[in-house]
**Q** 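My structure is below; once you've seen it, I'll send some questions.
Here is the naming used below: chain letters follow the sequence lines, and residue numbers restart at 1 for every chain. In this text the structure is predicted, and so the values were computed from the model without any measurement.
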Amino acid sequence: MSLPRSTVQSLLASQELDRDVLVKGWVRSRRGNKYVQFIIVNDGSTLHTIQAVANAELFPEESLKDVANGAAVAIWGRLVASQGKGQAVEIQAAEITVLGKADPETYPLQKKATSLEFLREIAHLRPRTNTFGAVLRIRHALAFAVHQYFNDHGFFYVHTPIITGSDAEGAGQMFRVTTLPPEHPPRTAAGAVDYSQDFFGKQTNLTVSGQLEGELAAMALGSIYTFGPTFRAENSNTARHLAEFWMIEPEVAFNELEENMDLAEDFLRYLVRYALERCADDLQFLNDQYDKDLLGRLRSVVENDFQRLTYTEAVEILKSAKQKFEFPVDWGTDLQSEHERYLVEKHFEKPVILTNYPKEIKAFYMKLDDDGRTVRAMDVLFPGIGEIIGGSQREEDYAKLTARMAEMHVPADELDWYLDTRRFGTAPHAGFGLGFERLVLFVTGMGNIRDVIPFPRYPKNAAF
RNA sequence: GCUUCCUUAGCUCAGCCGGUUAGAGCAUCUGACUGUUAAUCAGAGGGUCCCUGGUUCGAGCCCAGGAGGGAGCGCCA
């Protein structure tokens with residue numbers, strides 16, 4: 001019996017019946033009587049399961065004792081049209097081997113649905129559930145689509161460093177990377193920790209963004225993107241933040257804000273369309289189980305243009321809104337979640353791109369508008385998610401950039417390498433950052449970002 | 001970090017005004033059933049009521065502190 005293993009997905013789609021097959025997977029359920037037993041198997045290749053039928057002449061009930069929920073099994077048999085009603089095909093089992101037992105008394109997953117909070121505590125086993133199988137397959141498809149899109153559009157994938165020697169990237173608190181002994185680190189004469197004796201001879205951190213390095217690459221290769229892990233040591237306790245997450249950051253030389261928005265919109269639409277086309281079963285399952293509006297919302301994103309408006313226009317809309325807000329709206333302050341939600345979910349009822357924010361509330365590298373008050377920033381806001389993309393046209397003028405850095409107390413000496421792009425052959429360029437988990441959150445309709453990454457990292461939690 | 005809610009069987013939860021031996025559904029185990037579809041039916045086992053301290057004749061229930069979890073807010077992607 002040296003039959004190659006077939007996936008459940010390929011067997012369910014097979015037109016070729018009455019042939020010998022081998023399937024390997026994990027038992028989801030076994031039921032029946034002393035004459036016939038039905039074994040339901042999933043192997044992760046698809047949301048769906050295949051049913052193996054074990055007749056008592058070949059398999060007395062005692063012999064199937066270990067074929068319990070959660071056990072890994074190999075089943076040889078004949079792929080046949082099902083006699084039952086719930087499925088088109090099934091396997092008439094000839095031989096069943098238990099590859100790995102799962103004690104029903106202690107196996108934490110049961111046939112019945114359970115809470116996402118409980119599954120978060122057993123994140124090492126939750127991929128075996130329908131929900132997380134679906135989420136992880138969709139996550140894969142979206143990651144693949146990211147590379148597909150950029151490759152098709154002439155972008156180069158650039159690997160920016162995970163460990164960074166700069167702590168001035170301006171995107172939040174960083175995790176320190178060091179090999180110095182925490183109890184007795186070497187000290188300088190002045191008593192400070194002597195990082196010159198550390199592994200890299202200086203203070204190093206985990207990256208909070210690959211953008212600055214991405215800009216360097218874009219100023220040579222033209223169109224680039226990064227797609228890698230990113231770390232923020234911020235005490236953010238929300239359903240939309242992680243301490244470790246994956247970020248996609250395209251950067252394009254010669255692009256200005258308008259083209260940056262075009263790229264963001266086309267890119268997001270492509271990703272959502274890709275998932276709708278490739279992950280129909282998984283999305284249908286999530287739609288039915290969690291969010292009846294999911295598929296409609298995804299189609300609406302694919303079919304409708306995003307609403308573009310400036311920060312100033314948004315403030316005017318919010319000020320004349322009938323709705324009362326907890327926080328007042330005032331030009332110059334950043335918009336609150338409730339304001340963004342109003343614009344996206346109530347006023348426009350579609351994704352919104354907000355541009356030209358006051359310079360005071362945005363990063364130092366964003367290009368100053370001619371009025372000197374606003375910068376060429378853009379935030380893409382999605383229903384239920386909030387900010388899914390943050391980006392800008394970058395300040396390419398050396399004098400203006402260094403002036404902004406001085407105003408915002410960004411140490412220019414540490415970013416001298418970055419300033420070289422403005423010294424030598426500077427040019428307009430623009431880019432943005434897309435939080436990959438926020439994209440997966442939107443596409444799957446999950447409510448908590450901790451449920452769209454296999455092993456979530458957040459304050460007080462680094463299990464597994 | 002702030003606000004607020006929650007923590008009772010493996011899971012999801014109920015538990016009245018503080019009062020005898022803490023309950024249900026599902027799961028598990030045993031049995032029944034000739035093709036089941038989250039199979040069904042019958043029975044059984046299963047509890048540190050999150051922890052610590054307090055009030056009380058008596059605490060799952062009231063009080064204080066702590067731990068863990070959810071939701072919202074802030075920071076942002």
**Q** Using only modelled atom types and a 3.5 angstrom limit, is any donor from either the side chain of A:Gln87 or the base of B:rU37 paired with an acceptor on the other?
**A** yes
**Q** For A:Asp379 and for A:Gly447, find the nucleotide of RNA chain B with the closest heavy atom, then tell me which residue's nucleotide is more 5'.
**A** A:Gly447
**Q** Measure from the side-chain heavy atoms of A:Asn33 and tell me the nearest of B:rC29, B:rU34, B:rC76.
**A** B:rU34
**Q** Just checking, any donor-acceptor pair under 3.5 angstrom between side chains of A:Thr131 and A:Tyr290?
**A** yes
**Q** Between B:rU12 atom P and A:Arg120 atom CZ, what is the distance in whole Å?
**A** 12 Å
**Q** Rounded to the nearest Å, what distance is computed from the CZ atom of residue A:Arg240 to the C1' atom of nucleotide B:rA71?
**A** 11 Å
**Q** Looking at B:rC76, does its base get a donor-acceptor pair with the side chain of A:Ser236 below 3.5 Å?
**A** no
**Q** Searching all strands shown, indicate the nucleotide that pairs with B:rG72 (Watson-Crick or G-U wobble; both distances under 3.5 Å).
**A** B:rC2
**Q** Ignoring hydrogens and angles, state whether a donor on the side chain of A:Arg30 or A:Gln37 is under 3.5 Å from an acceptor on the partner side chain.
**A** yes
**Q** If the threshold is 4.0 Å, N to carboxylate O, is there a salt bridge linking A:Asp379 and A:Lys362?
**A** yes
**Q** On the side chain of A:Arg232, is there an atom forming a donor-acceptor pair with the base of B:rA77 - under 3.5 Å, no angle test?
**A** yes
**Q** On the side chain of A:Glu117, is there an atom forming a donor-acceptor pair with the base of B:rG68 - under 3.5 Å, no angle test?
**A** no
**Q** Let me confirm one number: the NE2-CG distance from A:His147 to A:Leu142, rounded to the nearest 0.5 Å.
**A** 11.5 Å
**Q** Check if the side chain of A:Asn237 and the base of B:rG74 share a donor-acceptor pair of N or O atoms closer than 3.5 Å.
**A** no
**Q** Are the ring of A:Phe38 and the six-membered base ring of B:rG35 within the stacking cut-offs of under 5.5 Å and under 30°?
**A** no
**Q** Which label fits A:Tyr274 and A:Phe144: parallel for a plane angle under 30°, tilted from 30 to 60°, or perpendicular past 60°?
**A** tilted
**Q** Rounded to whole Å, please give me the gap between CD in A:Gln37 and P in B:rU34.
**A** 13 Å
**Q** Below 4.0 angstrom, N of the basic side chain to O of the carboxylate: do A:Glu244 and A:Arg232 qualify?
**A** no
**Q** For a quick test of reading the model: is some side-chain N or O of A:Arg450 closer than 4.0 Å to OP1 or OP2 of B:rG70?
**A** yes
**Q** Looking only at side-chain N and O atoms, does A:Ser29 come under 4.0 Å of OP1 or OP2 in B:rA38?
**A** no
**Q** Specify the residues of residues 330-339 of chain A, ordered by number, for which at least one heavy atom lies under 4.0 angstrom from an atom of RNA chain B.
**A** A:Gln336, A:Ser337
**Q** Is the number of heavy atoms from other residues, nucleotides or ligands within 6.0 Å of NZ (A:Lys101) greater than 12?
**A** no
